[in-house]
Protein chains: 2
Amino acid sequence: METAIGVLDAEGLEAVTMRRVAQELGTGPASLYAHVADKQELRELMLDRVAAEIRLPAKPDPARWREQLKEVAMEIRRVYTSHRDIAKVSMGLIPTGPNLLAIAEAQLGLMLAGGVPPKVAGLAVDTLGMYIDADAIEDTFYTATLTGDVDPWEHFQKYVDEIREYLKALPADRYPHIVSLVDDLTDQGGAERFEFGLDVLLRGIASYIEDGGRK
Amino acid sequence: METAIGVLDAEGLEAVTMRRVAQELGTGPASLYAHVADKQELRELMLDRVAAEIRLPAKPDPARWREQLKEVAMEIRRVYTSHRDIAKVSMGLIPTGPNLLAIAEAQLGLMLAGGVPPKVAGLAVDTLGMYIDADAIEDTFYTATLTGDVDPWEHFQKYVDEIREYLKALPADRYPHIVSLVDDLTDQGGAERFEFGLDVLLRGIASYIEDGGRK
DNA sequence: ACCTGAACACCGTTCAAGT
DNA sequence: ACCTGAACACCGTTCAAGT
C-alpha cells in the first residue's frame, strides 16, 4: 500500500498499475495477486488508507453542526486533493473501509445533533460525498495525467485561459448569458467555488429542519 | 461518432477504445488519427453528440424557474444514463461543444429569470453540473464494465445487498448511526435519491434570492 | 501461504509510406 | 487530405510451477 500511494502521489492514479507497483517492489505483477483480488481492491485499500489522514471533530456541538459539517467536508477535500486524483476511487463507491465508515458516522452524528430528520441525513451523506468527490476530481483533473517534466499548474492555467478566450469569442446573440458570465463559469477548481457549493448544500439540508419532511 | 456511440451503448465507455472503434469501421487504429487528435477529443465529441438529445424548455417562465431548472436537470440525467457511463466524460470538463453550451445557457437563463444573482448563477451551473454528472456516474458505475452475458441489474442488486448485509453487521457501538440508517445510506442510484439532492441544491440556490449576496 | 516467469489478449500513439 | 501496416511501449489477469 505504501508503495502504491507513493506512485499515486508522484504520478497520479493512472500511473498506479499492477505492473508499476510490482516493479517498484522489485517483483513481477503476478505477485500482487497473492495480496489483493484485483486492481479495484488495491484502489479501495489505497483510498481507505488515505482517508485515515482525515481529522474529525472530537464531538458534535449541536449549536455549531453546520460549521462542523462544513469543516469536515473541507478537511476531506484537503486530504483527497493532497493525494492527486484519489477521489476518483471514492466516486460511486459505498464505503466499507473503517476510516471511510468513521467519516460517514461523524457526518450523520452532526446532522442528527442539528435536528436534521434521519432519512434526510442518510440521503445527505451521499449527496455531500458526491459533491466533495466531484470537486476534488475537478481540482486535479487536468493535472493528473501529466508527466513530471511539465509544471502541472502552468499547464492547467493555460488550458483554462484557452477555454476562457474561446467562450468570450462566442456569438453573444446565441449565448448571451455564457458570454457575460465567462469569468464566473471558468472559475474552476478554486476553494471559493467549493465553499459556495457547500453552502448551497448546507442551506438546503438545513431547510429540512423546520418543516421536517420531504416536500 | 455513430460507431463510437454504438460501442458505448452496447458495452460502456471503457470498451470505446481507438482500436475497437477502428475495428468496427473495418480499418486500423491509426486511421482514426486523421479525424481526431486523440482519445480525449473522441470522447468529448461523443458527449456533445449525446447532449443533442437533451430537450430544453422553449422559454423560461420566471414564476416556474425552479421547476423548469429541475426538469432540465432530470432530463440531462435521463439522457446521460441512457448512454451508459458517458457522464464520466462530462465530469470536470468545461463545456465547449454547441449542445453543452446551449444547456448551460438555458440553465443560466432560468436562474437569472428567477432573480438569482448572476455570480451565484454562474457558480451554480457548475455545482449543478457536478451533481448531475456524479449521480449519473453512480447510477451506471457497477454496470458499466460488465460484459453482455450477465444481467447488469441483477449484478448491481447483488452487490448492493452484499454491502447492506455487511453494514448491518457492523458493531453498533462504534457506528450507531450507520447501522440504524443502512437502508437510507444504501439507497443508491434511484431517481428518488437524485431528486432529493436536486431539491437540496435548488433550495440552497433559491436562498440567495432574498439576501442577494454570498454569506 | 506466498511468490514467480511466461503467456494471453489487449491498450494509445507514432511514423514512414502510400493514394 | 486521408489512410495504412508495422512498430513501440505499455496494460490486467491467469496459470502452472516453484518455495
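The model shown is predicted, which means the values in this text are computed figures rather than measured ones. Protein chains get the first letters and strands the later ones, always in sequence-line order, with residue 1 at the start of each.
In this structure, B:Met18 atom CE and C:dG12 atom P are separated by 7 Å, rounded to whole Å. For the pair A:Gln40 CD and D:dG12 C1', the computed distance is 13 Å after rounding to whole Å. To the nearest angstrom, P of C:dG12 lies 12 Å from CZ of B:Arg20. When the P atom of D:dG12 is taken as reference, atom CD of A:Gln23 falls 12 Å away, rounded to whole Å. One interatomic measurement links the two molecules: OH of B:Tyr33 to P of C:dC11, which rounds to 12 Å at whole-angstrom precision. In this structure, the CD atom of A:Glu14 is 14 Å from the C1' atom of C:dT13, given to the nearest Å. The distance from atom CD of B:Glu11 to atom C1' of C:dC10 is 14 Å, rounded to the nearest whole Å.
Side-chain contact between B:Arg77 and B:Asp139 is present, with at least one heavy-atom pair separated by less than 4.5 Å. Side-chain contact between A:Glu11 and A:Val16 is absent, with no heavy-atom pair separated by less than 4.5 Å.
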Listing time: all N or O pairs from protein to nucleotides 4-7 of chain C that are below 3.5 Å?
from: C:dT4; atom 1: OP2; to: A:Thr27; atom 2: OG1; distance (Å): 2.0
from: C:dT4; atom 1: OP2; to: A:Ser31; atom 2: OG; distance (Å): 2.8

Would you tabulate the pairs of protein nitrogen or oxygen atoms and nucleotide nitrogen or oxygen atoms of nucleotides 16-19 of chain C closer than 3.5 angstrom?
none

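When all heavy atoms of B:His83 and B:Glu53 are compared, the pair lying nearest together is NE2-OE2, 2.8 Å. Across all their heavy atoms, B:Leu32 and B:Ala22 have their closest contact at CD1-N, 4.1 Å. Scanning both residues, A:Leu8 and A:Arg84, for their nearest heavy atoms gives O-CG, 3.1 Å. Pairing each heavy atom of B:Leu93 with each of A:Tyr159, the nearest pair is CD1-OH, 4.4 Å.
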Item to complete: Take A:Lys70 and A:Glu195 through the salt bridge (charged side-chain N to carboxylate O under 4.0 Å, His left out) test and state the conclusion after the steps.
Response: CA-CA 8 Å; A:Lys70 188 170 167 176; A:Glu195 261 197 83; 3.0 Å; yes
Discussion item. Evaluate A:Lys88 against A:Asp133 for salt bridge (charged side-chain N to carboxylate O under 4.0 Å, His left out), listing each step before the verdict.
Written reply: CA-CA 7 Å; A:Lys88 274 182 191 155; A:Asp133 292 345; over 6 Å; no
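Across all strands shown, C:dA7 pairs with D:dT13; the Watson-Crick or G-U wobble distances both stay below 3.5 Å. Using N1 to N3 plus N6-O4 or O6-N4 for Watson-Crick, or N1-O2 and O6-N3 for G-U wobble, each under 3.5 Å, D:dT19 pairs with C:dA1.
Listed pair A:His35 / C:dA1 fails the phosphate criterion, with no side-chain N or O lying under 4.0 Å from OP1 or OP2.
The cationic atom of A:Arg203 (NZ for Lys, CZ for Arg) lies less than 6.0 Å from the six-membered ring centre of B:Tyr208 and within 45° of the ring axis.
Between D:dA9 and C:dC10, the two C1' atoms lie 13 Å apart (nearest whole Å).
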